[in-house]
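Here is how names work: the chains are called A, B, and so on, in the same order as the sequence lines, proteins then strands, and each is numbered from 1. Computation of the quantities below employed the complete heavy-atom set of this structure, encompassing side-chain atoms and omitting hydrogens, waters and symmetry-equivalent molecules.
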Amino acid sequence: MLHLFRRSLLSMIGLILILFIIFIAIFAPYLAIQHPTYVEVSTEQGTRRIEERWDINFQDKFIPPNSEHYFGTDDFGRDIYSMVIYGTQISLKICLMVVFSATIIGIILGGIAGYFGGKIDEILMRVTDVFLSIPYLILAIAVAAALGRSIENIMMALVLVWWPQYARLLRGQVLSIRENQYVEAARSIGANNWRILFRHVIPNSFAPLLVQITLDLGAVLLVAAGLSFIGLGAPPGTAEWGLMISSGRMHMFHSWWYATFPGLAIVITVLGFNLLGDGIRDITDPKLRR
Amino acid sequence: MRLIPDPPGKIIDGEIKFKDEDLIKKTDLELQNIRGNEISMIFQEPMTALNPVFKIGDQIAEVIILHESNPKLNNKNYRFYNKRKIRKKMEKQAFEKAIEALKMVNIPDAEKVANQYPHECSGGMRQRAMIAMMLACDPDLLIADEPTTALDVTVQAQILALMKDLQKRKGTAIWLITHNLGIIAEMCDRVGVMYAGYIVEMGSTELIFDNPDHPYTRGLIGSIPKITEDIDELEIIPGNVPNLIEPPSGCRFHPRCKFCKQICKEKPPELIEVEKNHYVACHRYKEVKYSELVDFLKKK
Amino acid sequence: MEKDQIIKAKNIKEYFPIRKGIFSTVKEYVKAVDNVNFYIKKGETFGLVGESGCGKTTLGRTLIQLIPPTSGTVCFMGKNLSEISKSELRKLRLHMQIVFQDPSSSLNPRMTVKQIIGEPLKINKKIKNEEINKKVLLLLKTVGLDEQHMYRFPHEFSGGQKQRIGVARALALNPDFIVLDEPTSALDVSVQAKILNLFKDLQKKFNLTYLFITHDLSVIKYISDRVAVMYAGKIVELSTTKELFKKQLHPYSIALLCCIPIPDPKIKKEFIVIKGEVPSLINPPPGCKFHPRCPKRISICKKIEPELIEIKKEHFVACHLYQKKV
Ligand SMILES: Nc1ncnc2c1ncn2[C@@H]1O[C@H](COP(=O)(O)OP(=O)(O)OP(=O)(O)O)[C@@H](O)[C@H]1O
Ligand code: SF4
Ligand code: SF4
Ligand SMILES: [Mg+2]
């Protein structure tokens, strides 16, 4: 596998970037200087949830990057470097969870629709049509606004808007894979529909989804950051990159570092996922191989 | 292939690409002229060889125009090609020639078929259209690479009969590449048998089928079921076709050959003339021949 | 008589609907198999020949209930498959297996050989992993492969080896009846010979009954005891192999046999070239389906479809030329 990556410098860079980001996310508590505390708060809906809090220290506000605060501090005197580091955890959590859940839902529904066909297919595909006909950003905004501000809620909103395209993609694959003779062979040795679907059809339909998934990891990150930016995502006080840019943009002219470093973090992560996705596409598509 | 110059009107069989030293020395432009004008090729899968978005008649017409107006070959037609009126006229003429070519390959309603797209035609039709396209340039040598593999037996018979007939009328040499020994026996005058990149035996069709001297040819002929005979068990050649990346040393057939001796592993045999019109590449063809005789006597 | 018939098809029809238009209304049908009657005796090899697209595969799939027939009945080992209960059908179906035409598409590329051959055992027999291993190894040896092939994936095998794996999978459940759907047409002649010999050996060893589907008459001649010739969804001639190759009666069979190039240069015959091509199964010609191409056509052929009748003992023909004589 790895030797295939080596063929393309760009996908190699993507792989390295992503490994680097994952490393940061895992070792955030050791890399950061300041650390958040977690408190339990009650929401408007009456449920309780954990929120992140950072110590406020007004004396230290707007310190430009120096050897103590590598990325400077913000309007509450919090260390931007530490917040960017912890933001990695949040961002990765959002993209991985969203894409993973959307994939599972998409695979199951798309697989069922494609394999069984007929009425089930008709109904499921009309549902995905409805979802796909609404611009996903608008749908996500509506859902996030209705659910209230929290990381969990934007994840839910994103899963809701993201699964239909996987269902679509997988259904198309399943339609061609199920025509293979090994499917019929499995039927003639007494395998039931579920076994055929999950053992023979889905594993062979999955490959094209893999590319989409990697590319989508970056896209989900962007949308999540966007939602936070317009005030629908992470609750105030969280070290979320979108949210940090949102508050930083007001101080752009006197403290450039505030919005710049979270922005760079987003750029690097999204770039990494996209390069990786392109690389995987080249590897899995034999026609593009040279 | 340089060993024996091909007199026109002969059919030769092989299983790999045509390679002639003289051709290799030629420039691309000259080659382009030779291709189509002197050598044409029919492919195995007629669907992929025809362009699906053009009408069959137009495709044949295009080939005709290209070969009538090849640039830099002192062809005066080319100079006028860019003038619209003349081009229109030429295209019309070429289209008519295309219809004629289609008629020549026994396509009923040639006018109609010329205006159809490849996917609207059946496999036999498409293969005939391909042949028509090749014949439009009146080649001296027609290379047919498994021309009937994708077709049904009855349609295959139609195509083979057509090729035979055209050969008789035009004196075209046909080089037929196939793995169907029946077609070879039916169609060919001379045969070359290839194994792992080498011609191992070559000669007139009768000699090869009656009196094969190379162990591979013998195995091959023994391994096909025949409708003219009753057999209880087919002969088999043990082992598999070697990969050509790391071919066996010496004679490439030696791991599967029952006559194999030390020399076979070391030295690749050369193609030698064992009798008139019969070439074999085997160190031990005499022993093979002898064992044949013994088999024959045993049967008696 | 009835007793030694392992499988019997009665008036089998298999129509595939073609949906068209916005409302997906069924306008036409592909009549892939149209009113076919025959039986196969225990322990014999029954050949089925015909041109591409004439419905051979569909007939095979219908027989072993991979697709239910549109109408008609199949009796297997004396039981009418459309009358018995679902669980009984499921059990009976395991006694019928199929080997496919295309060895690469009939093996799941993401499963090892062991998984592929072990799957039927795992699903149907509650046996332990070690026993599965043992059985898979035994099956591999039966079809001429060995232990080192157990953990490889299908793409690591040649076409002939893949076909052997397919055969091993079909044998895993000790079937009585196997449909061989052009098992050698994707293979080289020298490999074909090996696989054909394997089929013969296995038949002797396990007392198998075959339905051998092919378009290659010389293979049929070599392997089968009785043959049916199919044309456009119908059986046009059915007889013992010897008889059919000696004296074909139906004009299509005659043409078919004439069209086969014989690998013997001394027999130089003229092909009897029949004009035209295989008709579409959506709008087949009325009357005898062969009549647009038939050199011996008589006036009645255009209107009335000939029935398959026994002309001599064990020799059935569907052609008006012979109908009158009876
Ligand atoms: N599921 C299906 N839906 C619609 N049409 C079908 C279906 N399966 C087969 N057919 C049609 O039925 C006809 C017979 O097909 P079948 O596969 O039985 O032919 P065959 O005799 O096995 O041909 P070949 O020699 O090429 O394998 C064909 O015209 C095919 O297009
Ligand atoms: S040279 Fe030797 S190994 Fe090769 S075919 Fe002849 S006898 Fe066999
Ligand atoms: S019924 Fe008529 S058309 Fe059909 S095969 Fe016989 S003679 Fe020919
Ligand atoms: Mg078939």
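For the atom pair NZ of C:Lys122 and CZ of A:Arg199, the computed distance is 6.0 Å after rounding to the nearest 0.5 Å. Distance check: C:Arg61 CZ to A:Arg187 CZ gives 8.5 Å after rounding to the nearest 0.5 Å. Atoms CD and CG, from A:Gln181 and C:Asn108 in turn, are 13.0 Å apart once rounded to the nearest 0.5 Å. Note: C:Ile67 CD1 to A:Glu184 CD = 7.0 Å, rounded to the nearest 0.5 Å.
Residue A:Met97 qualifies as open at atom CE: its count of foreign heavy atoms under 6.0 Å is 12 or below. More than 12 non-hydrogen atoms from other residues, nucleotides or ligands lie less than 6.0 angstrom from CZ of A:Phe198. Residue-environment remark: OH (C:Tyr29) stays at or below the threshold of 12 foreign heavy atoms within 6.0 Å. Shown here is C:Phe206, whose CZ atom has more than 12 heavy atoms of other residues, nucleotides or ligands within 6.0 Å. Taking a 6.0 Å sphere around NZ of C:Lys114, one finds it holds more than 12 heavy atoms contributed by other residues, nucleotides or ligands. No more than 12 heavy-atom neighbours from other residues, nucleotides or ligands sit within 6.0 angstrom of NZ on C:Lys42.
The candidate with the highest count of non-hydrogen atom pairs below 4.5 Å against chain A, out of C:Gly166, C:Ser105, C:Pro120, is C:Ser105. In terms of heavy-atom pairs under 4.5 angstrom with chain C, the leader among A:Asn192, A:Ile177, A:Val183, A:Asn204 is A:Asn204.
For chain A, the nearby part of C:Met111 is the side chain; its heavy atoms alone come within less than 4.5 Å. C:Leu107 touches chain A through its backbone: at least one of N, CA, C or O sits under 4.5 Å from a heavy atom, while the side chain does not. For C:Gln115, the part sitting under 4.5 Å from any heavy atom of chain A is the side chain, from C-beta outward, and nothing else. Residue C:Arg90: no heavy atom, backbone or side chain, is found under 4.5 Å from chain A. Within the 4.5 angstrom heavy-atom criterion, only side-chain atoms of A:Arg195, from C-beta onward, approach chain C.
Among the residues in residues 212-219 of chain A, none has a non-hydrogen atom closer than 4.5 angstrom to a non-hydrogen atom of chain C.
Residues C:Ser106 and A:Ala185 approach most closely at O-CB, 4.3 Å, considering heavy atoms. Taking both residues in full, the closest heavy atoms of A:Tyr182 and C:Pro109 are given as CE2-CD, 3.6 Å, listed atom of the first, atom of the second, then distance. Considering every non-hydrogen atom in both C:Asn124 and A:Ile189, the closest pair reads ND2-O, 2.7 Å. Annotation for A:Ser188 and C:Leu94: closest pair O-CD2, 4.1 Å, computed over non-hydrogen atoms. Considering every non-hydrogen atom in both A:Ala207 and C:Arg110, the closest pair reads CB-NH2, 4.2 Å.
Under the ring pair (Phe, Tyr, Trp, His ring centres under 6.0 Å) criterion, A:Tyr136 pairs with A:Trp162, sequence neighbours left out.
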